There are 2 protein chains.
Amino acid sequence: MSGATSEQAVPIGTASRLSGVKVPTIRYYEEIGLLRPPARSEGNRRHYAGAELRRLAFIRHARELGFEIEAIRTLLALQDDPGQPCEAADAIARARLTEVEARIRSLMALRQELEQMVASGRHGVVGECRVIEVLADHGQCAHPHHHPPAVPGRAATAGPPRPKGRRPG
Amino acid sequence: MSGATSEQAVPIGTASRLSGVKVPTIRYYEEIGLLRPPARSEGNRRHYAGAELRRLAFIRHARELGFEIEAIRTLLALQDDPGQPCEAADAIARARLTEVEARIRSLMALRQELEQMVASGRHGVVGECRVIEVLADHGQCAHPHHHPPAVPGRAATAGPPRPKGRRPG
DNA sequence: CTTGCTCCTCCAGTCGCTGGAGGAATTAGC
DNA sequence: GCTAATTCCTCCAGCGACTGGAGGAGCAAG
Ligand SMILES: [Zn+2]
Ligand SMILES: [Zn+2]
Ligand SMILES: [Zn+2]
Ligand SMILES: [Zn+2]
């Protein structure tokens with residue numbers, strides 16, 4: 001038996017090396033239904049061939065660009081159905097771009113604050129340390145990297161919007 | 001009794017509004033030992049006065065600048081001991097600055113890729129969508145936002161370094 | 001005295017993995 | 001053929017930094 005007709009199928013370790021996705025992560029993607037369960041060998045080992053390897057590379061690439069798992073799920077579903085209009089895919093990418101832009105702006109403000117903390121030459125004792133000083137008093141910050149934390153007397157209606165989960169890259 | 005000698009102590013909800021830190025988060029900070037357990041009222045409610053409120057504002061500010069909990073723990077310990085040299089505090093801030101700079105560079109590369117995906121005018125059908133196309137093939141990316149995912153033939157020795165946990169702001 | 005708010009504790013869930021335990025199967029070398 | 005090393009399997013707990021719900025107690029106003 002076993003005529004080796006298809007593109008050669010590789011075990012999970014090789015798929016991991018080829019894609020740059022760790023072995024447990026590949027299994028995790030299968031578990032959450034992002035990757036279809038691949039064929040198994042006699043000894044119950046997963047074997048990945050062309051299509052699945054391409055899917056895995058797609059996922060990896062999308063993750064590197066910071067797309068969430070749910071977004072990738074949608075993108076993969078779209079990819080499987082090439083006749084559909086691609087509005088949804090474009091919207092996902094545009095939304096990600098908007099997020100990235102916002103994040104960059106935010107980080108640039110942070111960078112400036114941090115630079116001013118560390119760049120002010122002389123430090124020596126904690127009691128006179130600019131780092132500690134600024135952290136203790138946001139008033140010393142040049143830019144409002146956040147809306148001020150409701151100084152005594154008034155109360156903000158809502159907490160600051162904080163993103164969930166981590167983002168690669 | 002109760003001559004109201006100290007700065008007026010407030011319950012947790014007010015502390016939350018004053019600091020911008022959510023109530024469960026304040027309790028969480030206490031649980032992990034970042035905030036000292038405050039005095040309690042007769043009815044077992046937490047009451048926060050000046051020192052603790054200042055500590056809370058410090059934590060909030062540091063979190064907004066993206067310092068990790070462990071770093072904040074160190075910074076708070078330093079703050080409590082103003083005679084010590086502030087090298088440790090400065091090092092923490094410089095390390096954070098370096099991280100932020102790296103992150104900005106990385107996000108700017110991502111931004112460029114995403115811009116090229118979405119900006120190429122005409123999309124219509126998934127089969128011809130540039131978003132899907134680029135995701136399926138990193139070779140179409142202008143810049144190597146990562147070292148290439150080991151194209152068939154060679155294997156990378158280590159997976160890509162990915163940061164853990166989330167970062168605000 | 002009832003209504004409605006705040007507070008309490010405990011605990012499970014979020015996101016996207018990561019890694020260990022304990023065992024089976026395959027491969028390499030002799 | 002036999003052993004040793006490696007790879008694979010499943011299951012499950014843990015990470016960081018919260019977030020929020022359940023179920024109940026306290027407390028101030030109408
Ligand atoms: Zn200093
Ligand atoms: Zn600030
Ligand atoms: Zn498109
Ligand atoms: Zn790419």
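None of these values were measured; they are calculated from a predicted model. A, B, ... follow the sequence lines: proteins, then strands. Residue 1 opens every chain.
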[X] side chain near [N] phosphate (N/O to OP1/OP2, under 4.0 Å):
{"X": "B:Tyr29", "N": "D:dA17", "result": "no"}
{"X": "A:Arg40", "N": "D:dT10", "result": "yes"}
{"X": "B:Ser41", "N": "D:dG26", "result": "no"}
{"X": "A:Lys22", "N": "C:dG19", "result": "yes"}
{"X": "B:Arg60", "N": "D:dA17", "result": "no"}

Return the nearest nucleotide to the side chain of [X]; candidates are [options].
{"X": "A:Arg63", "options": "D:dC18, C:dG16, D:dT10", "value": "C:dG16"}
{"X": "B:Tyr28", "options": "C:dG19, C:dT9, D:dA17", "value": "D:dA17"}
{"X": "B:Asn44", "options": "D:dC18, C:dT9, C:dT18", "value": "C:dT9"}
{"X": "B:Pro24", "options": "C:dG19, C:dC17, D:dT19", "value": "D:dT19"}

Does B:Arg27 reach a base, just sugar-phosphate, or nothing at all? Heavy atoms under 4.0 Å.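 If one applies the 4.0 Å heavy-atom cut-off, B:Arg27 turns out to touch a base.
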Testing the basics here: between A:Val118 and B:Asp90, what is the closest heavy-atom pair and its distance to 0.1 Å?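 Minimum heavy-atom contact is CG1-O, 4.4 Å.
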Of the non-hydrogen atoms in B:Ala89 and B:Leu78, which two are nearest, and what is the gap between them?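 The answer is N-CD1, 3.6 Å.
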D:dT7 C1' sits how many Å from A:Arg17 CZ, rounded? 9 Å
Please report, rounded to the nearest Å, how far the P atom of C:dC8 is from the NE2 atom of B:His47.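 The answer, rounded to whole Å, is 8 Å.
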So, A:Arg73 side chain and A:Ile32 main chain: donor-acceptor pair closer than 3.5 Å or not?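 A pair under 3.5 Å: yes.
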Presence of donor-acceptor pair under 3.5 Å, side chain of B:Arg45 and base of C:dT6: yes
salt_bridge(A:Arg27, A:Glu30) N-O dist < 4.0 Å: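 Not counted as a salt bridge, because no side-chain N and carboxylate O are separated by less than 4.0 Å.
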side-chain hydrogen bond (donor to acceptor under 3.5 Å, both in side chains) for B:Gln140 and B:Arg130? Distances and angles first, verdict last. CA-CA 10 Å; B:Gln140 305 223 8; B:Arg130 180 131 177 81; 3.0 Å; yes
If you assign each of A:Ile69 and B:Thr14 to its closest nucleotide in DNA chain C, which residue comes earlier from the 5' end?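 On the 5' side of the pair lies B:Thr14.
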5′-ward residue of the pair B:Glu31/B:Pro11 relative to DNA chain C: B:Pro11
